[in-house]
Q: 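This is the structure, below, for whatever I ask next.
Below, read A as the first sequence line, B as the second, and so on, with proteins coming before strands; counting in each chain starts at 1.
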There are 2 protein chains.
Amino acid sequence: MTSLSNLNPGSSARPTMRQVAELAGVAVKTVSRVINGEPNVAPETARRVLDAARSLDYQPDLHAGNLRRSDRRTRTLGLLVSSVDNPFAGAVHRAIEDAAVGRGVAVFASSLDDDPDREREAVAAFLRRRVDGLILTTASENQAYLEPELRRGTPIVFIDREPSGIEADAVASDNFGGAARAAEHLLARGHRRFAYLGDLHSIQTARERRRGFLEALGHGGVPVDDVAVIEDLHDSERAREALLRLLDGPNPPTAVFSSQNLVTVGALHALRRRGRHRDTALVGFDDVELADLLEPGVTVMAQHPEDLGRTAAERVFARLDGDTSPPRRVVVSTTLITRGSGEIPPPPGQSTRP
Amino acid sequence: MTSLSNLNPGSSARPTMRQVAELAGVAVKTVSRVINGEPNVAPETARRVLDAARSLDYQPDLHAGNLRRSDRRTRTLGLLVSSVDNPFAGAVHRAIEDAAVGRGVAVFASSLDDDPDREREAVAAFLRRRVDGLILTTASENQAYLEPELRRGTPIVFIDREPSGIEADAVASDNFGGAARAAEHLLARGHRRFAYLGDLHSIQTARERRRGFLEALGHGGVPVDDVAVIEDLHDSERAREALLRLLDGPNPPTAVFSSQNLVTVGALHALRRRGRHRDTALVGFDDVELADLLEPGVTVMAQHPEDLGRTAAERVFARLDGDTSPPRRVVVSTTLITRGSGEIPPPPGQSTRP
DNA sequence: GATAATCCTGACATCGTTGTCAACGGGCAG
DNA sequence: CTGCCCGTTGACAACGATGTCAGGATTATC
């Protein structure tokens with residue numbers, strides 16, 4: 001009874017090459033050749049195999065093949081972002097996907113919420129699945145734990161954050177320069193009382209922006225002690241509360257810098273709530289949807305997430321294609337978009353320098 | 001020379017269980033037991049194995065194991081959305097990821113731009129990777145091609161679109177009812193001249209919204225012929241142009257319904273450009289970031305993408321856990337958020353019904 | 001017509017892991 | 001002391017595919 005192969009019709013088992021081979025009356029290896037478009041198969045044989053494959057709805061098992069294949073490529077990429085829900089990360093993700101899809105590469109994405117523990121787990125989950133490369137918005141202080149993997153030849157590209165404790169490719173915005181330019185923009189309007197609303201201090205990018213902003217203010221003659229620096233604002237709600245407290249305080253800022261998109265949203269809410277949106281200057285880092293339709297429009301240092309994503313993907317694929325040049329750090333410049341909020345001057349009597 | 005196993009120190013080759021076994025002085029199967037936490041391993045042996053694994057930076061190959069394992073689970077999910085760049089899709093994605101991560105399941109996401117060809121390719125790419133389940137925002141007219149896969153036991157859940165040509169689980173917003181309620185909301189303010197700005201007619205969801213909107217207008221005594229129905233607006237630029245043409249036309253609408261977030265953004269731009277944002281009513285389907293800070297605030301029929309994503313993931317996991325009940329259609333209701341733009345009355349003299 | 005080159009095909013080992021089964025050794029009951 | 005049980009361990013086959021190699025058929029070459 002069981003000596004014949006399992007040919008029960010309509011069987012719901014997933015067909016394998018063996019079954020396609022049986023149905024087509026050829027050897028498994030011949031099916032493999034046809035499926036992979038290898039040369040030297042008689043057209044008539046190929047047709048029979050394709051017919052059989054189609055009639056069984058056969059889908060090759062990429063991972064089984066990969067196990068034996070010499071190139072050992074899963075055609076899979078792992079992407080770590082703060083959250084797939086964040087518009088910036090979404091744009092990065094899309095650009096990477098666009099670069100990958102043409103090569104038949106699928107993308108895993110994982111949200112970290114900038115939690116170092118989740119980073120380790122997510123990286124391990126990717127490596128267990130043998131991704132061909134990693135693109136990481138890292139959340140950890142130090143990524144030396146990736147060293148062995150890097151030595152094994154897995155391309156690792158850091159995006160939106162510089163690596164630390166490891167030499168690897170990186171693609172990031174000009175955080176320092178962009179934040180500095182934002183500061184200069186506000187200084188030029190005559191502001192002297194600033195607030196800096198920053199993301200988690202543990203995030204390298206956030207520290208760069210802070211440094212850029214404060215150094216530029218220093219060059220403009222504003223002592224750091226006069227700047228209200230508030231950090232660790234990781235979502236819009238916290239940012240809103242923080243700015244509300246400042247606005248209600250004894251010496252509210254005349255100009256506000258918000259260091260990322262969620263913080264900008266929170267700041268906008270706070271200003272609106274206190275009716276201060278027309279007399280308090282605001283520049284945000286990273287662009288925000290509908291920023292141009294608000295009144296006043298929101299001035300931002302726009303990043304170019306598509307460029308970041310595309311460039312990071314190109315780096316990964318270049319490495320996979322054999323590029324063994326030293327790690328490269330690509331800096332993508334930012335663009336100041338003036339829409340009104342950043343051009344608000346300080347109230348009269350407070351604009352002149354001492 | 002080659003009789004000894006490859007033990008060159010610092011070798012950059014990826015370690016396998018065999019190498020861990022050699023280093024620990026045990027059989028491969030024992031390593032497997034330790035790595036998978038199977039019982040009946042002497043503590044001392046387990047320690048030696050773990051030490052060896054750690055010192056080699058060993059990561060098990062999930063796919064090799066899966067090949068032999070009886071449950072045949074890759075712990076991987078495939079998600080198809082219109083674009084990972086779209087805020088709605090991002091929220092759905094995040095909710096699915098949150099449900100999956102606890103089970104050790106990783107998520108592939110693919111953007112379709114609502115192109116049926118890309119759908120077929122992306123599904124094939126997922127199936128070749130043997131995802132455990134599919135969550136699809138389908139772009140095709142008919143998904144009967146998934147029938148064999150469904151029979152094989154792969155859970156397939158449609159999200160944000162109803163399946164056609166196949167019986168499968170589906171989770172979607174109340175598109176018809178939500179759009180109808182938007183129409184009623186505008187009718188109640190006395191509007192009689194409407195514009196409907198719709199997404200691609202090929203999208204089932206878009207057709208439902210159109211049907212809901214127009215039927216409700218019909219019940220309100222507004223003949224369909226009096227409604228400016230413009231469809232196939234797939235991005236904000238096209239939506240902006242379309243509404244600009246209407247506003248510049250002989251008989252501009254006093255109330256506008258935009259059928260998804262990108263269209264809403266385009267409509268907002270058009271109204272603003274013509275300075276009509278304070279006297280033309282607007283209700284959008286799907287919420288938009290910062291909608292509450294615009295003047296007037298943007299009234300929307302908010303969807304609940306987190307609920308959609310979470311519910312879809314729950315359906316997939318329930319199926320994987322053995323639920324064989326008939327396919328279920330889950331409808332997630334929508335929520336009207338009044339912020340001003342939808343409460344604008346028609347200009348005097350046009351508000352009364354004939 | 002003989003020989004070589006080429007095309008087509010299949011048998012077999014193998015990739016890294018797990019399921020099965022059997023063997024070994026020590027503890028314990030009879 | 002014998003026999004049984006159980007905890008521990010490893011040998012081996014197998015998962016679904018591809019690389020290697022060899023053999024038979026066909027065609028080209030002299």
Side-chain angles (χ1 to χ4, degrees), chain A residues 2 5-6 11 13-50 52-53 56-75 127-131 152, chain B residues 2 5-6 11 13-50 52-53 56-75 127-131 152:
Chain A
T2 60
S5 46
N6 186 356
S11 160
R14 188 183 303 281
T16 70
M17 253 187 198
R18 213 174 82 75
Q19 321 205 23
V20 176
E22 263 174 49
L23 184 59
V26 297
V28 181
K29 178 68 219 199
T30 299
V31 176
S32 168
R33 271 191 272 258
V34 174
I35 296 291
N36 294 293
E38 285 176 38
N40 297 336
V41 176
E44 158 65 10
T45 310
R47 201 188 49 70
R48 282 217 320 280
V49 169
L50 288 175
L56 292 176
D57 192 46
Y58 171 73
Q59 293 276 7
D61 184 324
L62 202 67
H63 294 118
N66 184 54
L67 197 55
R68 188 62 172 82
R69 212 189 326 270
S70 37
D71 69 353
R72 294 318 233 89
R73 293 278 165 84
T74 54
R75 302 194 162 280
L127 293 180
R128 279 193 295 268
R129 289 175 175 81
R130 297 293 187 262
V131 296
R152 256 169 229 136
Chain B
T2 59
S5 45
N6 185 358
S11 162
R14 188 183 303 280
T16 69
M17 256 188 194
R18 214 175 81 76
Q19 321 204 23
V20 176
E22 263 174 49
L23 186 59
V26 298
V28 181
K29 178 68 218 200
T30 299
V31 177
S32 168
R33 272 190 271 256
V34 174
I35 296 292
N36 294 294
E38 287 176 37
N40 296 336
V41 177
E44 158 65 11
T45 310
R47 200 188 49 70
R48 281 216 320 280
V49 168
L50 288 175
L56 292 175
D57 192 45
Y58 170 74
Q59 292 276 5
D61 184 325
L62 202 68
H63 294 119
N66 184 54
L67 196 55
R68 189 62 173 82
R69 214 188 325 270
S70 37
D71 69 354
R72 293 322 231 86
R73 294 277 165 85
T74 55
R75 301 193 162 281
L127 292 180
R128 279 194 295 270
R129 289 176 176 81
R130 298 293 188 264
V131 295
R152 256 169 231 135

Q: Tell me the interatomic distance from Glu22(A), atom CD, to dA17(D), atom P, rounded to whole angstroms.
A: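 From Glu22(A) CD to dA17(D) P: 13 Å.
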Q: Could you tell me which non-hydrogen atom of Val131(B) sits nearest to which non-hydrogen atom of Thr74(B), and how far apart they are?
A: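 Heavy atoms only, the tightest pair is CA-OG1, 3.8 Å.
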Q: Could you tell me the separation between the CD atom of Glu38(B) and the P atom of dT17(C), rounded to a whole number of Å?
A: 14 Å
Q: Rounding to a whole Å, what distance do you find between Arg129(A):CZ and dG16(C):P?
A: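 The distance from CZ of Arg129(A) to P of dG16(C) comes to 19 Å, rounded to the nearest Å.
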Q: Please determine whether a side-chain nitrogen or oxygen atom of Ser70(A) lies at a distance below 4.0 Å from atom OP1 or OP2 of dG19(D).
A: yes
Q: How close or far is atom P of dG16(C) from atom NE2 of His63(A), stated in whole angstroms?
A: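 My rounded result for the distance is 15 Å.
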Q: Roughly, in whole Å, what's the span from CZ in Arg128(B) to P in dG16(D)?
A: 18 Å
Q: For the side chain of Arg48(A) and the backbone of Ala24(A), is there at least one donor-acceptor N/O pair under 3.5 Å apart?
A: yes
Q: Find the distance Leu67(A):CG to dA17(D):C1' and express it as a whole number of Å.
A: 8 Å
Q: Could you state the CZ-P distance from Arg14(A) to dG16(D), rounded to the nearest angstrom?
A: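 Taking atom P of dG16(D) as the reference, CZ of Arg14(A) is at 10 Å.
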Q: Just call it for Asn66(A): base, sugar-phosphate, or nothing, with non-hydrogen atoms closer than 4.0 Å on any strand.
A: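 Since no nucleic acid heavy atom lies under 4.0 Å of Asn66(A), the category is nothing.
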Q: Whether the side chain of Arg69(A) engages the backbone of His63(A) through a donor-acceptor N/O pair (distance < 3.5 Å, no angle test) should be reported.
A: no
Q: Considering all heavy atoms of both residues, which atom of Asp57(A) and which atom of Pro15(A) are nearest to each other, and what is their separation?
A: O-CG, 4.0 Å
Q: Which atom pair, heavy atoms only, marks the closest approach of Ile35(B) to Pro60(B)?
A: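 Minimum heavy-atom separation between Ile35(B) and Pro60(B): CG2-CG, 4.1 Å.
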Q: For dG16(D), does either OP1 or OP2 sit under 4.0 Å from a side-chain N or O belonging to Arg130(B)?
A: no
Q: For Leu62(A), is there any backbone N or O sitting under 3.5 Å from a side-chain donor or acceptor partner on Asn66(A)?
A: no
Q: In whole Å, what is the span from the CZ atom of Arg73(B) to the C1' atom of dT18(C)?
A: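 In whole Å, dT18(C) C1' and Arg73(B) CZ are 17 Å from each other.
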Q: Starting at the 5' end of nucleotides 6-14 of chain D, put B wherever the base has a protein heavy atom under 4.0 Å, S where only the sugar-phosphate does, and a dash everywhere else.
A: --BBBB-BB
